[in-house]
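Every value quoted in this text rests on a predicted model; they were computed, and no experiment measured them.
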Amino acid sequence: MKKDLVKIIEDALKTLGIEKPTHIEIEIPQNESFGDMATPVAMILAATLKKPPKKIAEELVNAIKDKSVFEKIDIAGPGFINFTFSKKYIYSEIKKLMKDKSKFLREDIGKGKRVQIEFISANPTGPLHLGHGRGAATGAALSNLLEAAGYKVDREYYINDAGKQVRILGLSVFARYQQLLGRDYPFPEEGYRGGYIEEIARVLIKEEGEKYLKRAFDEVSDFFTDYSYKRMLSSIDSDLKDFGIAFDTWQSEKELYKKGDVEKALDDLKNRGLIYEKDGAAWFKSTAFGDDKDRVIIKQDGEYTYFTSDIAYHRQKVEKKYDEIIDIWGADHHGYITRVKAVIEAIGYPKEKLKILLVQMVTLLRGRKPVQMSKRAGKFITLREVIDEVGTDTTKFIFLTRRPDSHLEFDLEAAKAQSSENPVFYVQYANARINSIFAHAREKGIDTDMLYNADLKLLSVHEELRIIRKLLTYPMIFEGAVNAHEPHRITFYLQELSGMFHPYYNKYRVITEKSEQSRARLALCEAIRIVLQDGLEILGISIPEKM
RNA sequence: GCGCCUGUAGCUCAGUAGGACAGAGCAACUGCCUUCUAAGCAGUGGGUCAGGGGUUCGAAUCCCUUCAGGCGCGCCA
């Protein structure tokens, strides 16, 4: 619908000998009486053409040769051109929608471009919490969205399985192991205190018995560390599985060291003269690329920092020749952006190569009161607990009805209380209702095949035309969501569409005595169902047949 | 102190590349189930878009500034 309109406007501009602007803006007016679509081009051109916008709009409208696709074209307000499509046109479009389905709905924007999206990447030192859940829902939905738009997407989880934190995890488990077997062993000051540590220790005792009792940690640290984080990782994986999130690759940090990628990355930077020694440490000259201070990459004690492997990691990403690299981070890591982008530039790529999408913090509430969380004390609510309590679809939907960069209050009580009237059910219910209409139709012996051949002209009441027009805007919403990397636009659209279907359902009967009309209305329902399912699939939300 | 994000209806949030009278859900109140699922529908009320300047034909949207909240500013990860 939009493509056709843009073409028409471009042709008209050409006829008038006006150079077309880089972008012909088409918008969906919020006020339906203004028509289906509107363009402010006349107002935009007014400045360069030095003519009043209304005059330009008039000329433009006159230059449109074939007006048959429109019911009317108005010039309104300060110079908007409002288009209302003819019924004939929208019937033919909706027919295409039913025949071509996702091909009609989804614009091929990516054209096969390769994108890597890295998200969650939580340390395997504890269970996922709600913040990770937000990153998970957002990352997965964005991945699906871009994939639907013709990108080839790799979903990646980066595992911090090297370094200090996993060692501390290992030590924590070691300490609990000793304690459980009756040895008086001090729990490390900086250790992880969550109950899951004890659980790992218990399982370990079951599997391996007492053979590590009374050993020194240094002798068995590799075993305990490996064992513990692998256990954590598999528990994270199973949480994600239940949350409906899947990855294509799990990139291990340790692997980067093993393969020598870290060494290679450092050599690369050294060769570029971007590494220097100071105070017994090695520094990366990130200030050369806009960072506010240089960063240590080899500490005085000879160990690497967290950032060092990140250099190697991002170098590896870039060298895999993705067309686009997207990192989704929790907003608490925003201080890292310039540093990592500095790496990209340092190795000779434009920093725009890497897009970092920040997902803001989640405040967990229970009945308006903040839930106190302390990772140190091991007191925090996990993603697992939340999805057990409020459900995965509801949880995801709450995340996906917000812009990623807005702070989010997640009230467990509200989420549960709403549960029966939650917006997610509103959307799913529309689909389930349609299924039930189809079941009814089949009982009545109405042919539900090839509905696009139904006599769509019979869809003539105001509500029906409104729904058809809404359905036809889906590709525009989709395109906007893809370009802005904002899956939540799909969420809102689905709510609006459902908000048109339910009243329609309530006011009119789909299955009537008139079989041709019934088929036409079934066709409308089918079209709605196609769009609802397309949207829900992108969001990663389930599509129950019955409710 | 510096940097990033946010401030829209009682609450939680949208507001589409500055555009036409600011929207939804929840909460509140009033109605609707012998007919395709009431997780639904119909109706009512509710806002100086944090405050103040500026740019523009036009600003919730862009710029400056003040205030408020969150998060960062390690040879931690």
Side-chain angles (χ1 to χ4, degrees), chain A residues 23 25-31 34 38 40 43-44 46-47 52-53 76-80 82 123 125 160 163-166 168 190 278-283 292-293 295-301 303-307 309-310 330-338 358 360-361 363 368 398 401-403 405-411 414-415 417-426 428-430 432-441 443-444 476-477 479-481 483-484 486 488-489 491-493 495-496 499 501-512 518 521-522 525 546-547:
Chain A
H23 166 81
E25 194 185 331
I26 305 289
E27 49 195 54
I28 303 164
Q30 54 274 63
N31 188 328
F34 292 150
M43 291 184 287
I44 290 160
F80 285 99
N82 294 334
N123 279 349
T125 52
N160 292 113
K164 201 169 158 191
Q165 293 308 311
V166 282
I168 292 173
E190 71 278 29
K278 196 183 90 182
D279 303 334
W283 300 69
D292 52 2
K293 53 182 90 157
R295 305 294 168 179
V296 169
I297 48 170
I298 303 173
K299 297 189 264 179
Q300 277 181 345
D301 62 10
E303 296 232 3
Y304 293 118
T305 64
Y306 171 80
F307 180 54
S309 53
D310 251 6
D332 51 343
H333 291 85
H334 76 260
Y336 241 71
I337 296 176
T338 41
L358 292 180
Q360 274 297 337
M361 303 285 96
T363 311
R368 305 300 314 143
I398 287 171
T401 42
R402 267 101 174 152
R403 277 177 17 249
D405 56 2
S406 72
H407 301 267
L408 166 61
E409 291 198 355
F410 195 106
D411 191 325
Q418 277 181 33
S419 230
S420 58
E421 303 167 39
N422 196 287
V424 69
F425 297 115
Y426 189 76
Q428 290 174 326
Y429 189 50
R433 264 184 159 170
I434 290 171
N435 288 342
S436 131
I437 294 170
F438 272 82
H440 184 72
E443 271 170 37
K444 291 254 176 184
M476 274 181 81
I477 302 296
E479 184 190 3
N483 289 332
E486 290 182 351
H488 75 271
R489 296 190 192 190
T491 321
F492 279 87
Y493 172 88
Q495 292 187 77
E496 286 162 16
F501 168 72
H502 287 300
Y504 172 68
Y505 174 90
N506 213 259
K507 189 167 171 187
Y508 299 96
R509 290 191 61 78
V510 172
I511 309 303
T512 64
S518 300
R521 289 186 169 175
L522 280 167
C525 288
K546 278 187 199 174
M547 288 173 76

J.: What pairs of nitrogen or oxygen atoms, one from the protein and one from nucleotides 29-36 of chain B, lie under 3.5 Å apart?
T.:
unit_1: U35(B); atom_1: O2'; unit_2: R509(A); atom_2: NH2; d: 3.3
unit_1: C36(B); atom_1: O4'; unit_2: R509(A); atom_2: NH2; d: 3.4
unit_1: C36(B); atom_1: O2'; unit_2: S436(A); atom_2: O; d: 3.1
unit_1: C36(B); atom_1: O2'; unit_2: S436(A); atom_2: OG; d: 3.2
unit_1: C36(B); atom_1: O2'; unit_2: I437(A); atom_2: N; d: 3.4
unit_1: C36(B); atom_1: O2; unit_2: I511(A); atom_2: N; d: 3.3
unit_1: C36(B); atom_1: N3; unit_2: V510(A); atom_2: N; d: 2.9
unit_1: C36(B); atom_1: N4; unit_2: Y505(A); atom_2: O; d: 2.9
unit_1: C36(B); atom_1: N4; unit_2: Y508(A); atom_2: O; d: 2.4

J.: Would you measure the distance from the P atom in U8(B) across to the matching atom in G15(B) and give it in whole Å?
T.: 14 Å
J.: Could you measure between the two P atoms, the one in A77(B) and the one in G70(B), and give it in whole Å?
T.: 27 Å
J.: Could you measure between the two P atoms, the one in A28(B) and the one in C67(B), and give it in whole Å?
T.: 39 Å
J.: Taking side chain to side chain donor-acceptor pair (under 3.5 Å) as the definition, give me every residue that meets it alongside R521(A), ordered by chain and number, with sequence neighbours left out.
T.: E464(A), Y504(A)
J.: Which part of the nucleic acid does N160(A) contact within heavy-atom distance under 4.0 Å: base, sugar-phosphate only, or nothing?
T.: nothing
J.: Could you measure between the two P atoms, the one in U6(B) and the one in U16(B), and give it in whole Å?
T.: 13 Å
J.: Any idea which of C71(B), U6(B), A39(B) is nearest the Y429(A) side chain?
T.: A39(B)
J.: Residues two or more places apart in sequence or in another chain: which of them pass salt bridge (charged side-chain N to carboxylate O under 4.0 Å, His left out) with R489(A)?
T.: E486(A)
J.: Has F80(A) got its ring stacked on A20(B), by the test of a centre gap below 5.5 Å and a plane angle below 30°?
T.: yes
J.: Rounding to the closest angstrom, what is the interatomic distance between G25(B) and A39(B) at atom C1'?
T.: 14 Å
J.: Can a side chain N or O of Q30(A) be found less than 4.0 Å away from OP1 or OP2 on A20(B)?
T.: yes
